[in-house]
Trainee: 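Can you keep this structure in mind? I'll have questions shortly.
Computed from a prediction, not measured in an experiment: that's the story for all the values here.
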Amino acid sequence: MKNQITSALSDFFFEYETPRQVLVRNRRVGVVCRLIQLGVLVYIIGWVFIYEKGYQSTDTAVSSVFTKMKGVGYTNVSGRETVWDVADYVFPSQLEGKHNCTSDADCVGGSYKRTGHGQMTGVCVNTTKTCEVLAWCPVEDDHTVPSPPLLMSAENYTLFIKNSITFPLFYVTRSNLVEEINKDYLSKCLYHPEDAPLCPIFKLGDIVKLSGFSFENLAQEGGAIGIVIDWTCNLDFHVKHCKPEYNFHGLYGNPTDVDASASIGYNFRYAKHYMEDKVPKRTLLKVFGIRFDIIVKSLARKFDIIPTLTAIGSGVGIFGVATVVCDLVLLYLLPKREFYKNMKFKYTDTHTQQDSESYDLDSNAHYTLEANSRQAQDKSNDTDAEAGSTEAEK
């Protein structure tokens with residue numbers, strides 16, 4: 001038993017098994033095999049490594065955005081001159097008719113209408129045939145929208161965007177104020193997709209134009225534009241080459257869009273409150289504006305041995321497809337498929353194997369006996385020869 005265990009361990013540690021391979025000289029099968037291997041090689045190098053960057057690990061950024069608008073506008077409405085600056089026309093949005101009636105029964109006191117101006121008192125005003133509401137007076141009348149827009153000068157306003165990002169996996173922090181940008185450059189630059197692609201100061205008219213919209217239509221009805229800051233960086237190169245790219249997309253506000261027929265543009269209301277003769281009053285403004293949605297898109301890549309080995313291992317495994325396809329062709333499609341089967345597979349039978357083993361044992365025994373007989377005969381011949389030589393000497 002001990003010898004068997006020792007023999008098994010010795011076989012396990014000091015022997016190596018390898019599958020038997022059959023070399024098939026067939027042009028068609030050989031060409032098919034090489035073409036498949038070539039296709040796999042092109043896939044691994046072209047798609048996995050070059051296009052998909054399978055040798056790199058990836059990370060997305062944690063980002064923050066700060067904006068600042070500059071520009072001054074002037075309007076003259078019915079002789080009322082107004083100068084508009086940043087404090088007047090830049091603000092976050094704050095997202096709010098009448099209810100017809102024939103009698104007081106149509107006006108439920110304490111209730112609200114979704115498109116109304118306030119809480120109904122339960123009284124139907126006979127002169128206007130509308131429900132009386134508890135609200136600011138006079139109620140809003142937004143049927144008349146100024147045309148052309150009052151602040152067409154906003155086309156020349158500028159928007160400054162400051163963006164900072166961090167790739168936590170690679171410990172890299174970047175800002176859109178890259179190495180080429182300094183105070184002198186900021187004081188005179190204006191974004192242009194070709195001449196000044198890194199300048200973070202944008203003219204509103206240029207943003208609208210690059211998004212594919214008309215500034216006059218947006219100023220009239222309002223709309224929204226997406227500004228995409230794209231940080232796609234290959235950190236295998238120096239970090240200074242990691243720079244942003246700006247893209248502009250019109251989100252909504254184009255009156256020619258089919259989906260814009262139900263609700264055109266973008267608008268909201270806000271109020272300025274004040275006291276007059278100890279009476280609280282307000283000025284309600286319905287603003288048709290341009291909303292800018294700043295979206296940061298990021299993807300950083302850097303060489304990593306783990307995905308590299310994974311990609312190589314996957315590619316080596318795919319090479320086995322060529323063997324499988326060629327075996328199918330050899331064993332099932334070619335005219336000499338039976339011949340190839342016999343060459344590739346070795347068939348055994350239990351009884352035949354036992355007979356073969358007993359024959360081998362008998363042969364070994366015969367050879368052993370014959371060898372022993374020959375050895376004995378040789379020894380006797382040697383003895384006779386030694387005796388003969390001794391007599392000759394005497």
Side-chain angles (χ1 to χ4, degrees), residues 66-159 204 215-225 252-253 262-293:
F66 164 81
T67 61
K68 184 185 294 185
M69 182 79 73
K70 287 187 177 181
V72 178
Y74 167 82
T75 60
N76 188 338
V77 181
S78 301
R80 182 181 177 180
E81 297 180 323
T82 306
V83 176
W84 301 78
D85 60 11
V86 176
D88 298 313
Y89 59 74
V90 177
F91 32 72
S93 61
Q94 302 174 14
L95 307 171
E96 198 180 336
K98 63 184 181 180
H99 185 62
N100 297 327
C101 62
T102 57
S103 64
D104 293 345
D106 297 329
C107 304
V108 181
S111 63
Y112 297 85
K113 185 182 179 182
R114 184 169 61 88
T115 58
H117 296 282
Q119 177 179 307
M120 288 187 285
T121 62
V123 177
C124 180
V125 181
N126 294 326
T127 56
T128 60
K129 297 299 181 181
T130 57
C131 294
E132 182 184 67
V133 294
L134 181 62
W136 289 92
C137 296
V139 295
E140 174 190 352
D141 181 9
D142 61 350
H143 293 89
T144 303
V145 178
S147 182
L150 297 179
L151 288 178
M152 279 298 295
S153 60
E155 187 175 9
N156 297 315
Y157 295 173
T158 58
L159 175 66
L204 298 193
F215 187 86
E216 185 175 358
N217 291 336
L218 284 185
Q220 180 72 30
E221 300 289 350
I225 292 176
Y252 57 88
S263 178
I264 300 175
Y266 168 73
N267 62 79
F268 59 92
R269 297 165 178 82
Y270 78 102
K272 294 183 177 181
H273 296 263
Y274 60 94
M275 297 290 292
E276 186 176 292
D277 297 331
K278 297 182 180 181
V279 177
K281 295 185 178 182
R282 72 173 186 174
T283 300
L284 179 65
L285 301 175
K286 182 178 181 180
V287 179
F288 296 84
I290 303 175
R291 174 188 177 94
F292 294 100
D293 294 327

Trainee: Can you name the residues that form a side-chain contact (heavy atoms from CB on, under 4.5 Å) with Val123, not counting sequence neighbours?
Mentor: Asp104, Thr121, Glu132

Trainee: What's the shortest heavy-atom distance between Met152 and Ala219, and which atoms?
Mentor: SD-CB, 4.1 Å

Trainee: Would you compute the distance between atom NZ of Lys281 and atom CE of Met275 and round it to the nearest 0.5 angstrom?
Mentor: 10.5 Å

Trainee: Just verifying a value: how many Å separate Arg282 CZ and Glu276 CD, rounded to the nearest 0.5 Å?
Mentor: 15.5 Å

Trainee: Using the test side-chain hydrogen bond (donor to acceptor under 3.5 Å, both in side chains), find all partners of Asn156 that sit at least two apart in sequence or belong to another chain.
Mentor: none

Trainee: Considering only the SG atoms, does Cys124 lie under 2.5 Å from Cys131?
Mentor: no

